[in-house]
Amino acid sequence: MRSLKIVERFKSIQVHALSSSSETNGGSKTKPHNFSRHKTILSWSKSKFNNLNKTSEFANLVSLQLPSTDTIEPTIEPYLKPVNLVETLAELYQRIEFCSLQSEKVSLFVELFSVLYGLGDQKLLRRCLRTARQNAEDVMSKVVLSAWLRYERRDGELVGVSSMDCGGYNVLECPKKNLENGFSPFLINDRCRCNEERKNETSNDCVCLSDEESDVLFSVENEEIKCVRWRIASLSEPLNAMLCGGFLESRMWKIDFSRNGLCYEGMKALEFYSRTKRLDLFCVNTVLELLSFANRFCCDEMKSSCDSHLASIVENVEVALILIEYGLEEKATLLVVSCLQIFLRELPNSLRNSKVISFLCSFESKEKLENLGCATFLLYYFLSQVAMEESMVAKTTIMLLERMKECGTERWQKGLALHQLGCVFLERREYKEAQRCFDEAVELGHVYSIAGVARTKHKQGQPYSAYKLISSLIFEYKPVGWMYQERALYNMGREKGFDLDFATRLDPSLSFPYKYRALEKVEEKQIKEGIMELDKFLGFKLSPDCLELRGWLYIALEDYDSAMRDIRALLTIEANYVTLHGRIRGECLVQILRSRIQKKNQADCWMQLYQQWSSVDDVGSLAIIHQMLENEPGKSLLEFRLSLLLLRLNCQKAAMHSLRLARNHSSSVQERLIYEGWILYDTGYRDEAVTKADRSIEIQKSFEAFFLKAYVLADTNLDPESSSYVIQLLKEALKCPSDGLRKGQALNNMGSIYVDCGKIELANECYKNALAIRHTRAHQGLARVYQQKNQRKAAYDEMTMLIEKAESTASAYEKRSEYCDREMAMADLDVATHLDPLRTYPYRYRAAVLMDEQKETEAVEELTKAIKFKPDLQMLHLRAAFYESMGDLSSALIDCKAALCLDPNHAATIDLYQRIQKPNF
């Protein structure tokens with residue numbers, strides 16, 4: 001069942017793409033195809049173009065050119081990028097382990113989030129933010145981290161969900177609980193009970209007034225208000241001194257109170273509050289008067305009450321914009337934080353409100369917030385990250401990053417802010433400012449910013465200076481892929497090619513070397529070879545920029561079906577993608593290409609989807625679902641299928657976006673509950689996901705509701721009783737109407753559970769039934785059945801059939817290696833690594849083989865090679881174990897600490913870490 005767990009889909013290798021400065025540059029001198037006739041991407045002649053009766057958009061498309069090897073360049077990534085990530089993680093874990101102050105723990109987990117950001121693992125990043133929120137004591141940190149968690153889930157995209165809804169799942173994300181100071185470690189896993197408390201509040205509205213006799217009159221606006229002297233006096237020391245001390249008012253029956261900032265209604269409210277301590281019966285203006293009065297007369301308890309009451313009624317951005325000014329003037333911290341919470345929970349929409357931007361970005365507002373302790377690095381860090389995702393070149397982004405830099409107190413905080421400012425200025429082509437920021441970031445210890453310094457020097461006509469800078473970096477530190485990639489920009493001839501090839505060897509996840517080599521082939525009139533180069537990368541990592549480039553190369557070859565496939569697949573990952581350096585929207589390109597290919601109705605699309613699915617052609621499946629959604633916009637069933645496919649391809653953000661769209665477009669409550677259940681499951685709320693499935697089943701039995709419940713329950717170590725229950729749920733699912741694609745998956749899952757339970761024949765039947773409806777991946781399960789029967793040859797042959805049928809075969813080669821001798825296994829794993837160098841099992845297997853042969857150094861080097869570009873938990877744990885067996889306990893400790901940063905609850909690593917520590921003690 002391990003291969004079927006949704007949790008495995010979160011082990012992403014993708015990093016959120018940001019536009020690079022190179023992608024805003026102009027055309028090129030590339031000659032794609034039919035060079036003697038045109039220098040354009042599309043090689044149709046004018047006569048053909050006229051016959052096609054195209055639009056002006058098409059005419060513009062014809063004149064566009066491919067980028068050249070001289071104009072493309074990789075992005076300077078806007079996040080922390082340690083030269084040695086493992087050592088940095090180990091050092092961070094050490095600081096976290098021995099940290100005693102709660103406030104410092106929050107900062108450390110935010111730093112960990114920043115260091116891990118480059119890995120692109122959304123589950124890992126969400127856990128860092130969640131842990132930081134668990135350790136937060138002050139309301140400002142709670143508000144920011146809770147809003148950040150909400151933003152990462154993109155709850156704002158859910159129709160009918162208010163920004164102030166907590167969902168009732170966990171107190172950590174409840175906006176009401178965020179406004180409570182203090183750290184409560186025992187409440188971190190508690191469910192939020194806001195709804196129950198709200199019901200209790202509405203049922204207890206009666207007011208009990210005391211029968212005390214009034215003994216003083218306050219005159220306001222020629223009106224008299226009877227009060228109890230001692231109660232008014234008890235509100236503060238100054239009032240007590242005035243009414244009960246040696247002042248004249250202490251002996252007066254009637255006191256003129258007209259010049260103390262209270263109107264008649266305000267004085268009545270003051271008298272009422274002195275007896276009941278309640279404010280909820282008064283309008284906002286009256287409470288604001290009381291707040292101002294409380295400040296003037298040092299009524300601390302009443303000020304706190306007014307502050308809390310006003311904070312509780314802030315419900316939208318418009319009200320928040322008004323009340324935050326009062327809060328700043330009256331130093332009402334809770335009110336200010338509550339208003340900020342509204343702005344943060346409305347992101348990114350609130351950044352499109354000019355008044356909100358004006359407030360958040362201004363230096364004056366920052367100073368006012370600072371006086372209340374609200375202008376924190378964490379606040380501006382969150383705002384800056386959202387702003388950068390919205391626009392890397394906007395003035396708003398620069399201003400927020402400036403505030404972030406000003407609020408930074410630690411070296412890494414200021415270094416990160418300066419590095420990101422440098423990236424923004426680079427995008428805006430303000431190279432001198434960018435260089436200044438990168439230089440300052442380097443001085444603060446962020447080595448990766450040297451790449452930014454080199455790039456800005458290159459942009460300013462100093463390529464040799466840039467080359468020397470990166471070369472010195474390579475000689476000073478252990479080689480990393482991005483260093484050679486960067487130096488290649490400033491190199492020429494064979495040396496350039498050597499640097500790019502070495503960059504790929506060190507870090508195959510870098511897309512730029514593949515793109516450069518592809519364009520190099522194109523310029524040599526070898527377009528098919530260029531496509532093959534891009535195929536290598538897209539075979540293991542779906543990158544929008546590589547899909548786009550391959551699409552244009554297919555257009556140059558007049559293979560419009562393949563071009564359309566790539567552009568459609570690209571749009572499922574980034575719906576608003578703009579091709580060719582911001583000149584053509586992806587959707588427009590689809591419209592233009594549509595006339596060049598055969599039209600398909602929805603029935604044809606379903607047939608093709610079955611074909612693509614059975615051949616394990618993931619890119620083709622993405623493309624055909626995109627076309628089906630074009631035929632039936634807002635079809636929730638298709639959006640749900642798309643989300644499942646994207647999750648399997650590690651496109652997590654795109655997958656969750658598609659799942660939210662499915663939820664929004666659902667045609668019934670029963671269907672909506674299913675999609676909400678998947679959203680909850682994928683964000684860590686398993687019990688709540690099961691509850692959603694149960695509610696859906698109560699309304700109407702359906703395949704998807706039973707499947708959801710079975711899937712969630714199966715994502716644990718199942719005992720025999722639980723396994724039987726999950727199997728029963730899957731049987732119920734199979735009784736309900738659905739298509740072969742989903743039923744094949746259910747049969748495959750059921751077969752996996754049967755194998756785990758030792759019911760081999762029943763598993764065999766499930767897998768064969770799945771294969772009968774063209775669920776090709778069932779070959780893998782059937783191979784496992786043969787393995788259990790000690791029929792290794794049959795298992796090997798079964799995996800061979802999967803390899804012959806599937807388009808994506810890396811995982812099949814990896815799995816087949818389990819059913820053959822060592823020599824054949826090594827050959828299969830070498831093929832798997834060639835097809836997908838990011839798969840970690842082959843490295844671990846080869847390292848284990850080397851260790852068996854007592855080649856300890858070579859074994860460690862095999863793991864180190866992969867850890868440099870993918871610091872995987874299992875590889876770090878294995879290398880730590882190798883180091884322990886070699887007696888290198890210090891290196892073993894470093895790997896254990898780094899691994900525990902990735903998963904602090906990994907039992908095997910914890911045991912190893914504790915065992916290694918004992919000799920030291």
Side-chain angles (χ1 to χ4, degrees), residues 101-111 113-114 128-152 163-164 166 171-185 187-188 303-304 306-312 314 317 320-321 323-347 350-351 356 359-387 400 403-410 413 416-417:
L101 295 175
Q102 288 300 126
S103 57
E104 288 184 10
K105 281 187 178 181
V106 173
S107 178
L108 286 170
F109 282 112
V110 172
E111 184 178 356
F113 168 87
S114 305
C128 291
L129 292 175
R130 185 175 174 80
T131 309
R133 170 62 186 88
Q134 288 174 355
N135 286 280
E137 286 182 304
D138 62 289
V139 292
M140 194 64 218
S141 295
K142 290 180 179 181
V143 161
V144 175
L145 290 165
S146 177
W148 204 332
L149 283 163
R150 183 179 190 276
Y151 175 76
E152 288 297 325
S163 63
M164 296 304 286
C166 68
V171 294
L172 292 179
E173 299 186 43
C174 172
K176 183 177 179 180
K177 295 294 182 183
N178 289 336
L179 299 178
E180 296 177 5
N181 263 307
F183 170 63
S184 303
L187 298 178
I188 57 178
K303 178 184 177 180
S304 178
C306 292
D307 195 5
S308 298
H309 175 73
L310 291 168
S312 69
V314 184
V317 171
L321 282 167
L323 290 182
I324 197 166
E325 295 296 340
Y326 284 101
L328 290 171
E329 184 178 345
E330 300 296 342
K331 293 182 170 52
T333 305
L334 210 57
L335 174 57
V336 171
V337 173
S338 180
C339 294
L340 288 172
Q341 179 168 234
I342 290 287
F343 299 154
L344 297 177
R345 295 179 74 87
E346 287 283 352
L347 289 170
S350 54
L351 283 185
V356 174
F359 176 83
L360 293 174
C361 295
S362 74
F363 179 77
E364 293 74 15
S365 295
K366 196 264 305 185
E367 285 194 319
K368 291 178 181 178
L369 290 171
E370 201 166 33
N371 291 333
L372 293 180
C374 297
T376 63
F377 170 81
L378 188 59
L379 169 65
Y380 288 105
Y381 184 16
F382 177 32
L383 289 168
S384 299
Q385 304 321 294
V386 177
L400 287 172
R403 303 292 84 79
M404 174 183 164
K405 179 188 70 174
E406 291 160 2
C407 292
T409 56
E410 300 179 40
Q413 294 175 349
L416 175 59

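In what follows, residues are counted from 1 in the order of the sequence shown.
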Which heavy atom of [X] sits nearest a heavy atom of [Y], and at what distance?
X: Gln102; Y: Asn135; result: NE2-O, 3.1 Å
X: Leu379; Y: Cys374; result: CD2-O, 3.5 Å
X: Met164; Y: Gln341; result: CE-NE2, 3.8 Å
X: Gly327; Y: Val336; result: C-CG2, 3.5 Å
X: Asn181; Y: Val139; result: OD1-N, 3.4 Å
X: Phe343; Y: Ala320; result: CE2-CB, 3.7 Å

Is there a donor-acceptor contact under 3.5 Å from the side chain of [X] to the main chain of [Y]?
X: Ser365; Y: Phe359; answer: yes
X: Ser107; Y: Glu104; answer: no
X: Lys142; Y: Gly182; answer: yes
X: Glu173; Y: Ser146; answer: no
X: Arg403; Y: Cys361; answer: yes
X: Gln413; Y: Thr409; answer: yes

Which is it for Thr376 and Ser141 under the side-chain contact (heavy atoms from CB on, under 4.5 Å) test, yes or no, and what are the steps along the way? CA-CA 8 Å; Thr376 63; Ser141 295; 5.9 Å; no

Heavy-atom check, side chain of [X] versus side chain of [Y], under 4.5 Å:
X: Asp138; Y: Ser103; value: no
X: Glu406; Y: Phe363; value: yes
X: Val144; Y: Leu340; value: no
X: Leu347; Y: Ser350; value: yes
X: Leu416; Y: Met404; value: yes

Tell me which one of Gln385, Arg133, Arg345 satisfies side chain to side chain contact (heavy atoms under 4.5 Å, CB included) with Trp148.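 Result: among Gln385, Arg133, Arg345, Gln385 is the only option passing the side chain to side chain contact (heavy atoms under 4.5 Å, CB included) with Trp148.
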
Among Asp307, Asn178, Val314, which one satisfies side chain to side chain contact (heavy atoms under 4.5 Å, CB included) with Ser338?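 Exactly one pass, corresponding to Val314.
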
One pair to check against side-chain contact (heavy atoms from CB on, under 4.5 Å): Lys366 and Tyr380. What are the steps and the verdict? CA-CA 10 Å; Lys366 196 264 305 185; Tyr380 288 105; 3.4 Å; yes

Distance, nearest 0.5 Å, that separates [atom1] of [X] from [atom2] of [Y]:
X: Cys407; Y: Glu370; atom1: SG; atom2: CD; value: 6.0 Å
X: Leu335; Y: Leu179; atom1: CG; atom2: CG; value: 10.0 Å
X: Leu344; Y: Leu351; atom1: CG; atom2: CG; value: 9.5 Å
X: Leu145; Y: Phe113; atom1: CG; atom2: CZ; value: 10.0 Å
X: Leu172; Y: Leu129; atom1: CG; atom2: CG; value: 12.0 Å
X: Ile324; Y: Ile342; atom1: CD1; atom2: CD1; value: 10.5 Å

Salt bridge present between Lys368 and Glu329 (N-O < 4.0 angstrom):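 Between Glu329 and Lys368 there is no salt bridge, as every charged N stays at least 4.0 Å from the carboxylate O atoms.
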
